[in-house]
Trainee: 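I have a structure I would like to understand better, so I am pasting it below and will then ask my questions one at a time.
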Amino acid sequence: MSGLTLRLVMLLCCLVSARAGAVDALPSAESMPLWQEQPWALRYILKLDAPYFFDIRATRGKKKLSEARPGQEQEIEAVAQGVRTYVVENAFLEREEVFASLLLEFNRSGELVSRHSSRAPLFGHLAQDDELVLATGNGTQDFVFGLGQWQTASLGEGSGTLPALCSKEDEQRYRPNFRPSSVLGGFGCREWRAYLENRKLPYIDVTSYELEDDRSAKPDRKGRYPQRILATIRPVIGWGRFDLPAKPVIGRHGKSWFCLHDCPGGDFPGFIPNIASWAARSGWPVPKPPKRMPLFPDPAS
C-alpha cells in the first residue's frame with residue numbers, strides 16, 4: 001500500500017468514527033420522554049354531546065383502531081363505554097330532544113377505572129405538546145387516545161388560575177364577537193374552570209344561554225320579533241380534581257333541569273323535577289343565567 005493510499009484510508013476511518021460519534025451524541029426518538037413528569041390530578045373527565053356524535057366517533061374510532069397503527073392518536077370513544085342518554089320531553093315546539101354524556105373516571109395513579117374495552121390498562125399522561133392523552137404504555141408504538149388540550153396559561157380576564165381541559169371548539173368559542181348557537185354553546189372550558197375553582201359556587205352549571213326570536217309573540221312594525229332566552233346543554237368537556245371538593249354538574253335544556261354527575265345525596269344522574277326544591281334541599285341558591293355568555297371571551301384586538 002502506497003503512502004498516499006494509507007493516508008486516504010486513515011482519513012476515511014477518522015471520518016467514519018467522527019460521524020458515528022456525532023450520531024451517538026444525538027438523542028434517539030426512543031430515548032426522548034413522551035410525557036411530562038407530574039402527578040395525575042384528574043378524578044374524572046365528563047364529555048357532553050349529542051348521542052349521534054358519540055355514535056359517529058365510536059364507529060369511526062373502532063374502524064381506525066382495527067387498522068392497528070400504533071403511534072396514531074385514537075378516539076377515546078373507540079374503547080370507552082357507558083354513554084348515558086338523557087331525553088328532554090317537549091323541549092322545544094312539542095318535540096323531544098336528547099343529549100348524552102360520557103364519563104371517564106380515574107384513580108390517583110391515572111388509570112382509567114370506568115368501563116372500557118381496551119385489553120391493556122389505560123393511563124392518563126400529559127404529552128410534551130400539552131395534549132392530555134390516555135395511553136397503553138410508554139413507547140412510541142403504543143396506542144394513544146386523545147382527550148383535549150391542557151391549557152395552563154391565562155385564559156381570559158377573571159377565568160381563574162387552575163389549568164383547563166379545552167377542546168378545539170373552545171378556540172372558536174372565545175373569539176371576539178362570538179355568539180352562542182345551536183351548534184356551539186357559550187359554556188366552555190373557561191366557564192367550567194371558574195365554577196370548579198370558585199368555592200362560593202356549590203355546583204357546576206353547564207347551561208348554554210343564547211337569544212332567539214320569540215315567534216309566539218307578535219312582531220313589531222318592522223317585522224322583528226322580541227328576543228327570548230334559550231337554555232340548552234351543548235357539547236363541552238369538563239373535569240374534576242382530587243384536590244378539590246366534588247361539585248354536582250347540572251344543566252338546563254329547554255325548561256328541564258338535569259343533574260349529570262356528582263349529584264348530592266348519592267342521587268343518580270337524571271331529571272330534576274323542581275330546581276328550586278333541589279337547591280333548597282342543600283341550602284343552595286337557584287342557578288340563574290349569567291349576564292353574558294361566554295363569560296370569559298378573548299379581548300377584542
Side-chain angles (χ1 to χ4, degrees), residues 33-49 54 57-58 61-62 65 70 72-84 100-139 142-152 155 160-168 170 188-197 199 203-204 206 235-251 259-264 266-269:
L34 293 174
W35 322 124
Q36 300 182 36
E37 293 185 6
Q38 55 182 275
W40 182 257
L42 301 190
R43 183 167 58 89
Y44 72 85
I45 292 174
L46 184 68
K47 298 186 70 173
L48 301 175
D49 209 336
F54 279 121
R57 288 192 292 268
K62 288 174 183 177
L65 197 60
Q72 281 189 333
E73 186 172 292
Q74 309 289 330
E75 297 189 80
I76 187 59
E77 285 84 355
V79 294
Q81 299 174 335
V83 172
R84 185 189 297 270
S101 67
L102 175 62
L103 177 64
L104 307 174
E105 294 183 287
F106 303 89
N107 60 25
R108 290 182 179 271
S109 298
E111 182 180 1
L112 181 66
V113 295
S114 50
R115 291 191 299 130
H116 61 85
S117 60
S118 173
R119 295 181 180 179
L122 294 169
F123 285 89
H125 300 278
L126 184 61
Q128 296 298 329
D129 59 358
D130 289 333
E131 286 287 326
L132 202 68
V133 302
L134 291 177
T136 56
N138 296 315
D142 293 304
F143 286 102
V144 174
F145 300 86
L147 297 173
Q149 183 76 18
W150 194 238
Q151 298 186 2
T152 56
L155 297 180
T161 57
L162 291 174
L165 177 58
C166 299
S167 65
K168 293 180 180 178
D170 285 313
C189 64
R190 298 181 186 180
E191 286 71 30
W192 188 291
R193 186 172 79 173
Y195 269 100
L196 186 66
E197 182 184 26
R199 297 184 181 276
Y203 41 68
I204 299 172
V206 303
V236 70
I237 302 176
W239 69 97
R241 295 169 61 102
F242 287 110
D243 59 343
L244 292 175
K247 290 186 176 185
V249 180
I250 61 174
C259 184
L260 308 174
H261 185 56
D262 278 343
C263 304
D267 292 346
F268 287 104

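Side chains included, hydrogens not; waters and symmetry mates left out as well; all remaining heavy atoms used.
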Trainee: Using 0.5 Å steps for rounding, measure from the NE2 atom of H261 to the CZ atom of R84.
Mentor: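 Rounded to the nearest 0.5 Å, the NE2-CZ separation comes out at 10.0 Å.
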
Trainee: From R43 CZ over to L244 CG, what is the distance, rounded to the nearest 0.5 angstrom?
Mentor: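 CG of L244 is found 9.5 Å from CZ of R43.
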
Trainee: Could you give the distance from CG (L122) to OG (S114), rounded to the nearest 0.5 Å?
Mentor: 9.5 Å

Trainee: Taking C-beta and beyond as the side chain, do H116 and I76 meet within less than 4.5 Å on heavy atoms?
Mentor: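 Contact flag for H116/I76 side chains = no.
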
Trainee: Could you grab the distance from atom CD of E131 to atom CG of L147, nearest 0.5 Å is fine?
Mentor: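 That separation rounds to 9.0 Å.
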
Trainee: For F54, does the six-membered ring have the charged nitrogen or CZ of R57 within the cation-pi criterion, i.e. under 6.0 angstrom from the centroid and within 45° of the normal?
Mentor: yes

Trainee: Might you point out which heavy atoms bring F242 and L42 nearest each other, and give the distance in Å?
Mentor: CE1-O, 3.2 Å

Trainee: Test your reading of the model: is there a side-chain donor-acceptor pair from Q74 to the backbone of V144, 3.5 Å cut-off?
Mentor: no

Trainee: Applying side-chain contact (heavy atoms from CB on, under 4.5 Å), can you list everything that pairs with D243, at least two apart in sequence or on another chain?
Mentor: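 Listed in chain order: R241.
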
Trainee: Counting distance only, does the side-chain N/O of W192 pair as donor-acceptor with the main-chain N or O of W239 below 3.5 Å?
Mentor: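 Between the backbone of W239 and the side chain of W192 there is a qualifying donor-acceptor contact (under 3.5 Å).
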
Trainee: Any idea which heavy atoms bring P264 and C259 closest together, and the distance?
Mentor: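 Scanning both residues, the minimum pair turns out to be CD-SG, 4.3 Å.
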
Trainee: For V133 versus E73, what's the shortest heavy-atom pair and its separation?
Mentor: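 Heavy-atom minimum between the residues: CG1-OE1, 4.4 Å.
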
Trainee: Under 4.5 Å between any side-chain heavy atoms of W40 and N107, yes or no?
Mentor: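 Counting from C-beta outward, W40 and N107 never come under 4.5 Å.
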
Trainee: State, with a plain yes or no, whether a side-chain heavy atom of L260 is found less than 4.5 Å away from one of P269.
Mentor: no

Trainee: Are the side chain of T136 and the backbone N or O of F143 linked by a donor-acceptor pair below 3.5 Å?
Mentor: yes

Trainee: Report yes if the side chains of K47 and S167 come closer than 4.5 Å at any heavy-atom pair, otherwise no.
Mentor: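 A side-chain contact is absent here, since even the closest heavy-atom pair is not under 4.5 Å.
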
Trainee: Strictly distance-based, threshold 3.5 Å: is any side-chain N or O of Q128 a donor or acceptor partner for the main-chain N or O of W35?
Mentor: yes

Trainee: Q36 and D130: which non-hydrogen atoms are nearest, and at how many Å?
Mentor: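 Q36 and D130 have their closest heavy atoms at NE2-OD1, 2.8 Å.
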
Trainee: Please say whether more than 12 non-hydrogen atoms of neighbouring residues, nucleotides or ligands are located less than 6.0 Å from CD in Q38.
Mentor: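 Above 12, so yes.
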
Trainee: Can you check whether W150 reaches L165 side chain to side chain, under 4.5 Å on heavy atoms?
Mentor: yes

Trainee: Can you name the nearest heavy-atom pair linking G61 to E75, along with the distance?
Mentor: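 Looking at all heavy atoms of both residues, the closest pair is N-OE2, 3.9 Å.
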
Trainee: When you compare the side chain of E77 with that of D49, does any pair of heavy atoms fall below 4.5 Å?
Mentor: no

Trainee: Nearest 0.5 Å, what's the CD-CG distance between E37 and L126?
Mentor: 11.5 Å

Trainee: For side chain to side chain contact (heavy atoms under 4.5 Å, CB included), just list the numbers for L34 and D142, CA-CA rounded to whole Å, side-chain angles, deciding distance to a tenth of an Å, and then say yes or no.
Mentor: CA-CA 11 Å; L34 293 174; D142 293 304; 6.0 Å; no

Trainee: For the pair V206 and L46, evaluate side chain to side chain contact (heavy atoms under 4.5 Å, CB included) and give the outcome as yes or no after the intermediate values.
Mentor: CA-CA 11 Å; V206 303; L46 184 68; over 6 Å; no

Trainee: Go through it in stages, so that I can follow the logic: the residues are D262 and V249, the test is side chain to side chain contact (heavy atoms under 4.5 Å, CB included), and I'd like the CA-CA distance, side-chain angles, deciding distance and then a yes or no.
Mentor: CA-CA 6 Å; D262 278 343; V249 180; 5.5 Å; no

Trainee: Measure the spacing between CD of Q151 and CG of D170 and express it to the nearest 0.5 Å.
Mentor: 7.5 Å

Trainee: Please find the pair of heavy atoms, one from G82 and one from R115, that lie closest to each other, and give the distance.
Mentor: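 Nearest heavy atoms, G82 then R115: CA-NH2, 3.5 Å.
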
